Amino acid sequence: MFQIYFALISAQAHGDGMPSYARAMRDGDFAAARRHAERLAGADDGAAEAAALQALADAALVLGHDEDAEEHYRRAQKQLRLSNDGLRVLSCRNAGWQALSLHRYSAAMQCFSRNARDSAAGATDQIEAVLGVALVHHRLGQQAACDEALRHARQLAAEQDDGRWALLADLLALDCAVQLRIRCSAGLRDHVFWQSAAARGDHHAQWQRLADCMAAGDARHPAPELVAQRHAGLALLLRLADGERDAAMALTSMMGRAPRGHCAAYAGWLQVEIALAALAGEQVDLAEQALQRGQQADPRAHRWSLDQRYCQAKIAMLKGNSAEALRFYAGYTGEALQCLRMETQVIKALDGVLRAAEGPASDDISARLPAKYRRAYRYIVDHYRNDDLNTAEVAAHIGVTERALQMAFRERLGMSPSAVLRRVRLDAVRAELLTESGAADGILRTANRVGLKSRSSLIRGYRKQFNEAPSASACR
């Protein structure tokens, strides 16, 4: 699922500057898209090379080449001539999609939600971020929050001249509805991770909306091939879930046509989808065949592979292998509980994106820094109340020069270490002002406790970071 939507989003981002790359992405030919980006990345034009590096990183991420993607993103962010605000938005965007590709949902949410409410983010940046928010909520079974994010994405997309943004939002809404319809079907009621998503999703209404959106596409912006393929695939999955065996053969045939290029994670995920639909339609043999093909296509162990673990347990149970089924179910339930504890405790509903945030801003910085400089950030977080904390002290703590620390933070975050320290302190002020004791203690006294001494700097920085005055937070 990640690969489809990220590929389409990347095509939207690079459509004007790299039409050949965008066309290959929309056709599902990810390997060709990467070749186009590689060729452009060798251009003499510095700006073109930097933009191509960004596209090359996107293609590498879609293909599952995570280390290559990280290196290309680093080089692109270093070469692109952006303001600090622009670099901050871009680094948040890149880190969010990298985290989502690795199933690190809370880190992805922190990055996407930051961009969704960042006043420096452009309209399409915000649409992309809100779609990322929706994907995270869906993967965690938080369908009400996912639906809210999709409604917001649709509203933002309606303001764009390019109707493909609205088409993308509608396709994702349909996809989520179909996924939920299958996973919450009568035959899969013991797939407990998904039962918390009480809303089943009205895929019939979503289907009509997507059909209308595709029909409205003009010659200048026709529906991408990847959208049409996914649309047809979802229809076949529903037929298979209703017990039509022929749909499995059609799905397998469709997989031979798209996407092209070696994308093991995508191929494995599609086979798990087929296995779930086959189990919902009581076609155990088809489910087992699909799951085996998926494991052959992508033998790697992925974080939170809950659907795959569930299929293994369900197939074993239906075949009468009770001991094996119990072993698989134990692994499935243990991983589901661990996922919910680790990921959902830091994820809130979309209130911080659609309305004024009710708490301190999400911490997205760790996800964007290399491991060595995460230690510097952690030092800032642990010592921000010290009045005399400065960049030299933070640099000395991790054994680098002050200049190296400054460059690393600016390159990855679009902020200096001093700006990060100021943001952490302002987050702390807000957190205290939103409590009864903090509000009663007074704004200046609260700010002084966390190292902020200047009243004018406090008010100016607070308003810029939270879009309201400190007094407004204290009155809540």
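All values reported here derive from a predicted model rather than from experimental measurement.
Not a single donor-acceptor pair under 3.5 Å links the side chain of Arg309 to the backbone N or O of Phe328. Not one N or O on the side chain of Tyr105 forms a donor-acceptor pair closer than 3.5 Å with the backbone of Cys339. Panel note: side chain Tyr377, backbone Pro417; no donor-acceptor pair is recorded below 3.5 Å. Asp162 places a side-chain N or O within 3.5 Å of a backbone atom of Arg164 that can act as its donor or acceptor partner. The backbone N or O of Val424 sits nowhere less than 3.5 Å from a side-chain atom of Asp427 that would complete a donor-acceptor pair. Put simply, the side chain of Asn390 gets close to the backbone of Ala392: a donor and an acceptor are under 3.5 Å apart. Looking only at distances, no side-chain donor or acceptor of Ser10 sits under 3.5 Å from a matching main-chain atom of Ala7. Between the side chain of Gln406 and the backbone N or O of Ser416 there is no donor-acceptor pair closer than 3.5 Å. Side chain of Ser83 to main chain of Gly86: a donor-acceptor pair is present (N/O by atom type, distance under 3.5 Å, no hydrogens or angles).
By the 4.0 Å N-to-carboxylate-O rule, Arg88 lies close enough to Asp85 to be salt-bridged with it. A salt bridge links Arg230 with Glu273: at least one charged nitrogen is closer than 4.0 Å to a carboxylate oxygen. At a threshold of 4.0 Å, the pair Arg183-Asp307 counts as salt-bridged, since one of the basic side-chain nitrogens sits closer than that to a carboxylate oxygen. Here Asp68 pairs with Arg34 in a salt bridge; the nearest charged N to carboxylate O distance falls below 4.0 Å. With respect to the salt-bridge test (charged N to carboxylate O, under 4.0 angstrom), the residues Asp58 and Arg93 qualify.
For the ring pair (Phe, Tyr, Trp, His ring centres under 6.0 Å) test, residues two or more places apart in sequence or in another chain that qualify with His138 are Trp194.
When only modelled atom types and interatomic distance are considered, Arg26 and Gln12 share a side-chain donor-acceptor pair under 3.5 Å. Counted by atom type alone, Asn94 and Gln98 present zero donor-acceptor pairs between their side chains at under 3.5 Å. Gln229 and Glu225 share a donor-acceptor pair across their side chains, judged by distance under 3.5 Å alone. Side-chain contact check for Glu393 and Tyr379: at least one donor-acceptor pair (N or O, by modelled atom type) lies under 3.5 Å.
Side chains of Glu128 and Phe112 form no contact here, defined as non-hydrogen atoms less than 4.5 Å apart.
Shown here for Leu167 and Pro224, the closest heavy-atom pair between the two residues is CD2-CD, 3.7 Å. Scanning both residues, Val429 and Tyr462, for their nearest heavy atoms gives CG1-CE1, 4.1 Å. What you find for His191 and Leu306 is that their closest heavy atoms are CE1-O, 4.3 Å.
By the 6.0 Å contact criterion, CG on Asp16 is open, its count of non-hydrogen atoms from other residues, nucleotides or ligands being 12 or less.
Residue pairs that meet the salt bridge (charged side-chain N to carboxylate O under 4.0 Å, His left out) test with at least one member in residues 397-415, sequence neighbours left out, are Arg74-Glu411.
Annotation: the span from Cys176 atom SG to Leu180 atom CG amounts to 8.0 Å, rounded to 0.5 Å. Considering NZ of Lys78 and CG of Leu87, their distance stands at 12.5 Å, rounded to 0.5 Å. One distance of note links CZ of Phe2 with CH2 of Trp97; it measures 6.5 Å at 0.5 Å rounding.
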